[in-house]
Amino acid sequence: MSIYILQTGLLTTVQDRGRQGYRSFGINPNGVMDTIASTLVNYLVGNDASEGVIEFHFPMGEIELQQDALVAFGGADFGLKADDKPLDNWKPHYLSRGTRIKATAKPQGARLYMAVQGGFQLEKWHDSVSTNLKARTGGYKGRNLQKADILSFKSIHPFSPSLLTHSSHWGISLNTLQQLYRTDTVRIIAGPEWDMLTQEAKEIVQSQEFLISSFSDRMGYRLEGIALEREDATELVSSAVTKGTIQLLPSGQLIVLMADHQTTGGYPRIATVIGADLSGLAQRSTHDKIHFSLVSVEQAEEILLTQHREFEILRFAIHQKL
Amino acid sequence: MIPTNFQISPLSESAIVLGFGNTIDRTLNTQVLALAEAIQASPFPGFTEVLPAYSSLTVFYDIFAVRKAFPHTPAYHTVRKILLDYITTDESVFHSGKDMLVKIPVCYSEVFGWDWKEVYEHTGISREEVIAIHTATIYRVYMMGFLPGFPYLGGMDSRIATPRKSQPRLKVEAGSVGIAGEQTGVYPLDSPGGWQVIGKTPVKLFDPTTNKPVLLKAGDQVQFYEIDEDTFYTWNSAKEV
């Protein structure tokens, strides 16, 4: 009842929706970069949205199932193959023991998620199985999965016979996914230090293109664009930041904090990416160009509630199938 | 009483920052911690956590839970109103500053204090005297952040202030005690860093294997005391600090 890592990938960790409640100790939530993908792959195998998943980056290495299992993949498209047969994302697949899974194509998107029915057998660290790489704790031994690691499943419920015959034949539609992962703009709300920007800088943020630089990882995305000017150059004392916080660096460039951000920071927090758009941003790769559009906090909340309702509808529909 | 001039703004759709100015001030920081305690003591529906900083308090909440309790109003408005109520409540509600004094042993030997030369070159004060100054001060933990278990300490004597290294080290070991400008601190984890390292503590500021993974919390007082190398090497980490 486990997965065997045949070949180490670039960065393969176990994550869930994050470890909440420990920021005041300096312990940040971590968790998946793309919550849309982690939620949907969990639903596809009958799990709760909060169950731990594996987050792969490219190259992903190779894994082998040591037991028959119901699994689902989603997020980036790595051209997955299971024993040389194409393995589609966004579908539940019942795969037999010994199946080997690897990527075979140039990725579209940045991160791939895998859920297994029942979830992974890991001891939680402070309520979560998310890996904290910096503190070397949580997830699988607090580190990325490497060759010869064995990641166990929790005990699984018996499968229904119909499931075995019907898996791989249905999944989440492209249309639904396109609605969830918008690609036109990344929506932001004004941050606590938005008004530190000059009027011109505020307009640049909303109208100009920003490039995701190669200095981008789970901690944050460094952007390249027109340097932004500040109304006042006062140094700030440190205060809270969160996933999606956009900080203005002394160079006038921006950084978007992602899942492995520090809990506090001292750069101006000019804006925050809305919760509903963080997953789409997490799938953007180095050298992609993005545009921001400003919405109100009330709108950001409505958009997140709408996304949540879509998840509920999908969960119900999947439940009928499973 | 919390100052009346404050800024209230969203950090995200599920967090609100209360900003009380851009200063490092003991009294203000005590009020921030008191407000954090008051909110934790009687949390509102959907409250998830607080993050007190030098002069700001950030309150995190679960918008789905807030909307469940108050369905007809945006969660941001609900929480904003609740926070304003906490602030305007009589100050007698706030109790804080249990003023816990945590004593941390430090071995200032040159084996661990790699940067004594630079500290001397900058301050002109001898190693013995810097140790005397560093251990005489009672520091305040203004906030926790940066790394798990990292305390932002305030109150260092400016005579021993030394700028950060021009070239940060790729790895500073957990427990290293350093000076950066007017700040002093302890690395809770192995980490890259540019602090001038003057010693090392055998005490763990962050230990994920225990129930209380973090030694310090905002509002604590910290005092360092000197130990020799033998004591350092034989330190029983289970020993009470």
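Remember, it's a predicted structure, so these values are computed and weren't measured experimentally. Values reported hereafter were calculated over all heavy atoms of this structure, with side chains retained and with hydrogens, waters and symmetry mates removed.
- B:Arg140 and B:Asn29 form a side-chain donor-acceptor contact under 3.5 Å, judged by distance and modelled atom types alone.
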| said: Go through it in stages, so that I can follow the logic: the residues are A:Phe25 and B:Phe206, the test is ring pair (Phe, Tyr, Trp, His ring centres under 6.0 Å), and I'd like the CA-CA distance, side-chain angles, deciding distance and then a yes or no. | reply: CA-CA 9 Å; A:Phe25 301 136; B:Phe206 174 71; 9.8 Å; no
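- Heavy-atom distances place the side chain of A:Thr245, and not its backbone, under 4.5 Å from chain B.
- The part of B:Val17 that comes within reach of chain A is its side chain, from C-beta onward, which places non-hydrogen atoms under 4.5 angstrom from that chain.
- Interface summary for chain B: among A:Gly142, A:Gly275, A:Gly191, A:Ala276, the most heavy-atom pairs under 4.5 angstrom belong to A:Gly275.
- Only the side chain of A:Arg269 has a heavy atom closer than 4.5 Å to any heavy atom of chain B.
- Side-chain contact between B:Pro202 and B:Pro105 is present, with at least one heavy-atom pair separated by less than 4.5 Å.
- Taking the centre of each ring, A:Phe215 and A:Tyr221 stay at or above the 6.0 Å mark.
- To the nearest 0.5 Å, the span separating OG1 on B:Thr30 from CG on B:Leu35 amounts to 12.5 Å.
- Between A:Glu193 and A:Arg230 no salt bridge is recorded (no basic side-chain N to carboxylate O distance below 4.0 Å).
- The distance from atom CZ of A:Phe210 to atom CD1 of A:Ile246, rounded to the nearest 0.5 Å, is 8.5 Å.
- Heavy-atom distances place the side chain of A:Ile189, and not its backbone, under 4.5 Å from chain B.
- In this structure, the portions of B:Ala75 lying under 4.5 Å from any heavy atom of chain A include both its backbone and its side chain.
- Here the two rings, on B:Phe150 and B:Trp195, have centers that are under 6.0 Å apart.
- For chain B, the nearby part of A:Glu302 is the side chain; its heavy atoms alone come within less than 4.5 Å.
- B:Asp220 has a carboxylate O that lies under 4.0 Å from a charged side-chain N of B:Lys217, or vice versa, which qualifies the two as a salt bridge.
- Interface residue B:Asp190: only side-chain heavy atoms are found under 4.5 Å from chain A.
- Using a 4.5 Å cut-off between heavy atoms, A:Thr137 touches chain B through its side chain atoms alone.
- Within the model, atoms CG of B:Leu153 and CD of B:Gln221 stand 11.0 Å from one another, a figure rounded to the nearest 0.5 Å.
- The candidate from B:Ser14, B:Gly145, B:Ala218 with the greatest count of non-hydrogen atom pairs under 4.5 Å with chain A is B:Gly145.
- Checked against the 6.0 Å centroid threshold, B:Tyr61 and B:Phe47 do not count as a close aromatic pair.
- Counting heavy-atom pairs under 4.5 Å between each of B:Met144, B:His77, B:Glu13 and chain A puts B:Glu13 at the top.
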Show every donor-acceptor pair shorter than 3.5 Å between a side-chain atom in residues 310-318 of chain A and any protein atom, with sequence neighbours excluded, or say none if there are none.
| residue | atom | partner | partner atom | Å |
| --- | --- | --- | --- | --- |
| A:Glu312 | OE1 | A:Arg315 | NH2 | 3.3 |

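- Heavy-atom pairs under 4.5 Å with chain B peak, among A:Glu298, A:His126, A:Glu301, A:His308, at A:Glu301.
- Proximity to chain B among residues 249-265 of chain A is limited to A:Gln262, A:Thr263, A:Thr264, judged by heavy-atom separations below 4.5 angstrom.
- Counting heavy-atom pairs under 4.5 Å between each of B:Ala53, B:Ser9, B:Gly149, B:Pro208 and chain A puts B:Pro208 at the top.
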| message | Using ring pair (Phe, Tyr, Trp, His ring centres under 6.0 Å), reason through B:Tyr142 and B:Tyr152 one step at a time and then give a plain yes or no. | response | CA-CA 6 Å; B:Tyr142 277 89; B:Tyr152 284 83; 9.6 Å; no
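- A:Thr131 and A:Thr13 share no side-chain donor-acceptor pair at under 3.5 Å.
- Contacts between B:Leu11 and chain A at a heavy-atom distance below 4.5 Å involve backbone atoms as well as side-chain atoms.
- Using a 4.5 Å cut-off between heavy atoms, A:Ala271 makes no contact with chain B at all.
- Counting heavy-atom pairs under 4.5 Å between each of B:Ile63, B:Thr209, B:Leu216, B:Leu57 and chain A puts B:Ile63 at the top.
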